[in-house]
Colleague: 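Mind having a look at this structure? Questions to follow.
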Protein chains: 2
Amino acid sequence: MARTIAERADVIPALAETFREYGFEGASLSVIGEKTGLGRGSLYHFFPGGKEEMATAVLQHIDAWFEERIYRPLRQSDDPQAAISTMCRAVSDYFHSGCRVCIVGAFALDNVRDRFASAILDYFAVWKSSLATALQKAGHEQDQAIDLAEEAVANIQGALVLARALNDPATFERAMIRIEKRLL
Amino acid sequence: MARTIAERADVIPALAETFREYGFEGASLSVIGEKTGLGRGSLYHFFPGGKEEMATAVLQHIDAWFEERIYRPLRQSDDPQAAISTMCRAVSDYFHSGCRVCIVGAFALDNVRDRFASAILDYFAVWKSSLATALQKAGHEQDQAIDLAEEAVANIQGALVLARALNDPATFERAMIRIEKRLL
DNA sequence: TACAGACTTTACCAATCAGTACAACTCGCT
DNA sequence: AGCGAGTTGTACTGATTGGTAAAGTCTGTA
């Protein structure tokens, strides 16, 4: 019937928003259909693997975004301090001051963790090591850099949980300020 | 038929474990039935409100546990430093070094947050304020005490996310050590 | 104009979901 | 022994789940 000129890639942001809002189990095919504007057949045309393939595509998309906008700048920048500051601002923007949930973190706490274990692990492991690289370039010892990086990544996730629990974006913003202060 | 000598309260730990493992949506009545050893009739006998009432009971049970074992000691102890240390150890034990998920945190990230919003908010708000009280008694200014408390509670949640994502209890233990060091 | 392949709609499937109803059973009490 | 309250197993409902299949419509090419 009517053609929606939809490429697979065009659907992914809507898919991501849906998984963010409903979680993996909560995002039923009917909900996904509504949110994307695609019928069942179209969804299975683009994602023959069903919901699992949709979620995988979303995780890949997120990973690519973070790699380009956050991880790579941290590793490659000549000015590590500036790269870290940029990271903090980008993270705060990305998560809408804690109003937006981290899908990867949410999946990690969910029982779907095992199904997407390697993508989840990668996301955090690369984040941690990229940040550690920047910290080392900024003058920290390797051990201390890794420790600081681990702490910062965990703190961001914790801030997301707490801000959402308290329903208070300011909680998230305060946490990001603390994190940045501690990294610089 | 056979009587299982089951009181409502006896079922709650098994219920909690089920929600922890499967999440709210993932914990179907069949799964709950298996894990608790109770049939559908019994479950609805004890929890006429269905799954929602079961989850509410679990949240109440958790809240009572934390109130007794963690929050109250923080507020009432004459030795706030010792109370904080005790908290860190109790938390580490309770979460099995990060192998066990925090149901409240998981619910906060899930789309069921709104349904249990007040219980979730309470859990974290009381934790934060109890810890702040102990920190103030330990000599911190009120503002600084609240800030430190907020940070610590968030960090614990973040450590749970990260440890589960990396599948590494050591990550959680390192985080708890950092948290304790910063509080004392 | 005609055909091929990309896309979409629609109806459908078996499985599972939360929840209900009720009979069958067990136990404490008299 | 037998009553009544409490507890449990089973069968059921109607809705929804993820997923399939076939028939249809559109667009680009030739």
Side-chain angles (χ1 to χ4, degrees), chain A residues 1-59 103 106-107 110-116 119, chain B residues 1-59 103 106-107 110-116 119:
Chain A
M1 298 262 185
R3 216 148 189 202
T4 332
I5 328 163
E7 301 217 15
R8 199 184 121 118
D10 297 334
V11 195
I12 292 183
L15 272 180
E17 240 19 75
T18 312
F19 283 125
R20 215 186 290 278
E21 190 172 343
Y22 292 87
F24 183 77
E25 318 232 31
S28 70
L29 287 186
S30 333
V31 170
I32 294 174
E34 270 177 36
K35 292 270 176 182
T36 57
L38 259 51
R40 237 163 235 191
S42 307
L43 286 171
Y44 274 88
H45 174 72
F46 289 119
F47 306 95
K51 243 169 75 156
E52 186 141 346
E53 188 173 338
M54 298 179 208
T56 302
V58 166
L59 290 175
I103 298 184
F107 276 22
D110 200 278
N111 68 322
V112 298
R113 179 194 65 158
D114 296 346
R115 254 197 276 187
F116 304 104
Chain B
M1 299 255 183
R3 219 156 187 195
T4 330
I5 327 159
E7 302 216 14
R8 198 185 122 118
D10 297 334
V11 196
I12 292 183
L15 273 180
E17 239 20 74
T18 312
F19 283 126
R20 218 187 288 278
E21 190 172 344
Y22 292 88
F24 183 77
E25 318 232 31
S28 71
L29 287 186
S30 334
V31 169
I32 293 173
E34 271 178 37
K35 293 268 175 184
T36 57
L38 259 52
R40 224 149 253 209
S42 308
L43 285 171
Y44 274 90
H45 174 71
F46 289 119
F47 306 94
K51 245 169 74 155
E52 186 141 347
E53 188 174 338
M54 299 179 206
T56 302
V58 166
L59 290 175
I103 298 185
F107 276 22
D110 200 277
N111 68 320
V112 297
R113 179 194 64 159
D114 296 346
R115 255 197 275 186
F116 304 103

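The model shown is predicted, which means the values in this text are computed figures rather than measured ones. So that the names make sense, note that chain A is the first sequence line, chain B the second, and so on, each numbered from 1.
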Colleague: With a 4.0 Å cut-off, would you call B:Arg115 and B:Glu52 a salt bridge?
Modeller: yes
Colleague: Using a cut-off of 4.0 Å on non-hydrogen atoms, how would the nucleic acid contact of B:Gly39 be classed: base, sugar-phosphate, or nothing?
Modeller: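 Sugar-phosphate, backbone atoms only, no base.
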Colleague: Using a 4.5 Å cut-off on heavy atoms from C-beta on, say whether the side chain of B:Met54 contacts that of B:Thr18.
Modeller: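 In short, these two side chains do not touch, never coming nearer than 4.5 Å.
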Colleague: As a test of reading the structure: which of D:dT8, D:dG18, C:dT20 is closest to the side chain of B:Tyr44, going by heavy atoms?
Modeller: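 Given the options D:dT8, D:dG18, C:dT20, the side chain of B:Tyr44 is closest to C:dT20.
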Colleague: What's the closest nucleotide to the B:Ser28 side chain, out of C:dA18, D:dG19, C:dC7?
Modeller: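 It is C:dA18.
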Colleague: For a quick check of understanding: with a heavy-atom distance under 4.0 Å over all strands, which category does B:Gly50 fall into, base, sugar-phosphate or nothing?
Modeller: sugar-phosphate
Colleague: Under a 3.5 Å distance rule, please check whether B:Lys51 uses its side chain to pair with a backbone N or O of B:Phe24 as donor and acceptor.
Modeller: yes
Colleague: Identify which nucleotide among D:dT7, C:dC17, D:dG18 has an atom closest to any side-chain atom of A:Lys51, counting heavy atoms from C-beta outward.
Modeller: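 That would be D:dG18.
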Colleague: Once you round it to whole Å, what is the distance between P of D:dG19 and CD of A:Glu53?
Modeller: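 One finds 11 Å between P of D:dG19 and CD of A:Glu53, rounded.
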Colleague: Quick one: A:Phe47 CZ to C:dC7 P, roughly how many Å, whole number?
Modeller: 12 Å
Colleague: From C-beta outward on B:Ser30, which listed nucleotide comes closest to its side chain: C:dC17, D:dT8, C:dA6?
Modeller: C:dC17
Colleague: Quick one: B:Met54 CE to C:dC17 P, roughly how many Å, whole number?
Modeller: 13 Å
Colleague: Is any side-chain heavy atom of B:Phe19 less than 4.5 Å from a side-chain heavy atom of B:Leu59?
Modeller: no
Colleague: Nearest nucleotide by nearest heavy atom, which residue falls closer to the 5' end of DNA chain D, A:Pro48 or A:Val31?
Modeller: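 So the residue in question is A:Val31.
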Colleague: Check the distance between C:dC17's P and A:Glu25's CD and give it to me in whole angstrom.
Modeller: 10 Å
Colleague: Grab the NE2-P distance between A:His45 and D:dT20 for me, whole Å please.
Modeller: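 Distance, rounded to whole Å: 15 Å.
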Colleague: So if I take every side-chain heavy atom of A:Arg40 and compare against C:dA18, D:dT8, D:dG18, which nucleotide ends up nearest?
Modeller: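 Selected nucleotide (nearest to the side chain): D:dG18.
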Colleague: Can you give me the closest heavy-atom contact between A:Ala27 and A:Tyr22, atom names plus distance?
Modeller: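 Scanning both residues, the minimum pair turns out to be N-CB, 3.6 Å.
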Colleague: I need the CG-P distance between B:Leu29 and D:dT10, as an integer number of Å.
Modeller: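 My rounded result for the distance is 17 Å.
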Colleague: Rounding to a whole Å, what distance do you find between B:Leu38:CG and D:dT8:P?
Modeller: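 Taking CG of B:Leu38 and P of D:dT8, I get 6 Å after rounding.
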Colleague: Rounded to whole angstrom units, what separation is found between the CG atom of A:Leu43 and the P atom of C:dT9?
Modeller: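 These atoms are roughly 10 Å apart.
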